[in-house]
Protein chains: 2
Amino acid sequence: MDTGPKIAQVAALVGDPARANMLSALMDGRTLTATELAYLSGVAPQTASGHLAKLSDAGLLALERRGRRRYFRLASPLVARMLEALMVVAQEGPAQQRNLWRGGETLRHARTCYDHMAGRIAVAIADRLVQQSFVLLDEDGGQLTDAGRSFFDALGVDLCLASRRRVFCRACLDWSERRPHLAGAVGAAILRHALEHDWVEHIRDSRALLVTPAGVRELATTFGIEAAPPTDACKGPVASLSRRRAAVIPV
Amino acid sequence: MDTGPKIAQVAALVGDPARANMLSALMDGRTLTATELAYLSGVAPQTASGHLAKLSDAGLLALERRGRRRYFRLASPLVARMLEALMVVAQEGPAQQRNLWRGGETLRHARTCYDHMAGRIAVAIADRLVQQSFVLLDEDGGQLTDAGRSFFDALGVDLCLASRRRVFCRACLDWSERRPHLAGAVGAAILRHALEHDWVEHIRDSRALLVTPAGVRELATTFGIEAAPPTDACKGPVASLSRRRAAVIPV
DNA sequence: CGAACACTTCGGCGAAGATCGTAGTGTTTC
DNA sequence: GAAACACTACGATCTTCGCCGAAGTGTTCG
């Protein structure tokens, strides 16, 4: 029993475009139904059913039966980490594609990435925190400094670390900005705080985040970030996911 | 340009058993020739050539022409991280396979994992360091405590952090032991130190490590670890990699 | 109870791609 | 210069697997 064939098995599952789209759609931690995932991945429900069965059998997805529909979500944060790692390599990939992501301005601006924030805003926040020596960051990990801890305490961000002394964060390469943003315990705490204080809110069914007017103010005063949303915000956030069937997801 | 199809492209590359074997073989940072990789992955040289071309084009492998042979290695630590993440999910996978890895006692005992140590020894070291509060560790990262820093200083381990203040380490799930061992800057420093002081040495062409008598002594006094090598050590360390062609790799 | 709905199973079609034999290019060795 | 070697390019074969139409199970709603 070597490791090669085993990782091949998992990788092959992710290697199909339809399944990869499903997993991408679930990357923000939401739970979606089989039908929704079928539309999002651009295949017929029968096809999607087969894909979802494979992903569940392999332990990549967890499923919950509720009434006549089945809700799927990523089986664990480890799966999200794996997808993230794949994304990084896919982005770096051949040196050719130096261009950033076009279209979906809303997504580029602010979105969720499993349990933390991503996009321009998130990268800007990370930059600021590093610049002020509130966090130390590199590819192998990161940590909150004492100054940073005080900063977040003063801000009222609940780091959920009463019982656990260590204050970890880690870098997560932003696929639209190609720069690191904050993930891990600290990243999750920031997103939680932002949602609870209405700095940002989820847009429809997408992973995009809308920065509220209050959020713009707060982000400016707290982090010195210009967080005004792009002009074309709120336009078909999930449309980019469906390949063939451009139908609007019925919810 | 969505992320789904892009990660699918990369995942599909890893999704073929032959290519997965090649990448696994390169996981320890070695550079191997096309012929060696062909044998290790169990396919004919022509087939391997095609696979290697694809992996190189996609930016997963870096190749260096020297004379009439081409040496391949992982293009970056990011690729190793990706494979590691895949391995974790592949191991966790379906709850059924609760059994540990059988065979290859030498590999299970001690081996390299890209730039750090893995196997029973590495897990034991990590356990010990955590137990003594020299490092803090969880899935999101890790960090060296002040006490830990003093410990390594006293030990003479060069953490290579003169210019960089942060002292990062991270957990890497050991695929044979299913428990975390140390990776990141600290993990790499430990392996470097162990090699420089002849605690361990590379076995032939495999990623397995042989713990020297001196190493057994030092590991016992330093970490309180019983590091005596298994009795069947040094037997065909790479044989487990070749599937069909069991020929010995000509070097 | 029957209709609408969410999802799954089955079966055949079709395309993608992994494989290796043969043949070819460039490099080293004698 | 010829032979051995490492690797690559091409072509034919063959298996695999994604795909959807049609039909079937279980659930909800009127």
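Only heavy atoms go into these numbers, but all of them, side chains included; no hydrogens, no water, no symmetry mates. All chains are named by letter (A, B, ...) in the order of the sequence lines, taking the proteins before the strands, and each is independently numbered beginning at 1. Small disclaimer: the values here were computed from a predicted structure and weren't measured.
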Nearest heavy-atom contact between A:Ile203 and A:Thr106 is CD1-CG2, 3.6 Å
Checking contacts here: which listed nucleotide (D:dC19, D:dT8, C:dA6) is nearest the side-chain heavy atoms of B:Gln46?
D:dT8
Please report the distance, rounded to the nearest Å, between CZ in B:Arg69 and P in D:dA4.
17 Å
Tabulate protein N/O versus nucleotide N/O from nucleotides 25-27 of chain C, keeping only pairs under 3.5 Å, one per line.
none

Separation of atom CG in B:Leu52 from atom C1' in C:dT19, rounded to whole Å:
15 Å
To the nearest angstrom, how far is B:Tyr39 atom OH from D:dC5 atom P?
11 Å
What is the distance, to the nearest angstrom, from the CD atom on A:Glu36 to the C1' atom on C:dA6?
12 Å
The side chain of B:Ala44 is closest to which nucleotide in this list: D:dA6, C:dC20, C:dA6?
C:dC20
Please determine, for the side chain of A:Ala34, which listed nucleotide (D:dC20, D:dG18, C:dT8) has the closest atom?
C:dT8
Any ion pair linking B:Arg120 and B:Glu105 (charged N to carboxylate O, less than 4.0 Å)?
yes
Whole Å only: how far is the CE atom of B:Met22 from the P atom of C:dA18?
11 Å
Identify, with sequence neighbours excluded, every residue that meets side chain to side chain contact (heavy atoms under 4.5 Å, CB included) alongside A:Thr212.
A:Glu201, A:Ala214
Set of side-chain hydrogen bond (donor to acceptor under 3.5 Å, both in side chains) partners for B:Arg179, sequence neighbours left out
B:Asp127
Strictly below 4.0 Å: does A:Lys54 bring a side-chain N or O up to OP1 or OP2 of D:dG18?
yes
Does a side-chain N or O of A:His51 approach OP1 or OP2 of D:dC19 to a distance below 4.0 Å, or not?
yes
Counting side-chain heavy atoms from C-beta on, which of C:dT8, D:dG18, C:dC20 comes nearest to A:Arg70?
C:dT8
Gap between atoms CG and P, on A:Asp16 and D:dC20 respectively (whole Å):
11 Å
If you look at every strand shown and take non-hydrogen atoms under 4.0 Å, does B:Arg65 touch a base, only sugar-phosphate, or nothing?
nothing
Is A:Thr47 close enough to D:dC20 that one of its side-chain N or O atoms is under 4.0 Å from OP1 or OP2 there?
yes
Calculate the interatomic distance between B:Leu63 atom CG and D:dA6 atom C1'; express it in whole Å.
13 Å
Applying a 4.0 Å non-hydrogen cut-off, can you work out what A:Arg66 is touching in the nucleic acid: base, sugar-phosphate, or nothing?
nothing
Residues forming a side chain to side chain contact (heavy atoms under 4.5 Å, CB included) with B:Thr33, sequence neighbours excluded:
B:Thr35, B:Glu36, B:Arg69, B:Tyr71
Side chain to side chain contact (heavy atoms under 4.5 Å, CB included) against B:Asp115, all qualifying residues, sequence neighbours excluded
B:Ala188
Starting at atom CG of B:Leu37, determine the distance to atom P of D:dA6, rounded to an integer number of angstrom.
14 Å
Holding to side-chain hydrogen bond (donor to acceptor under 3.5 Å, both in side chains), I want the full list of residues that pass it with B:His181, two or more places apart in sequence or in another chain.
B:His116, B:Asp174
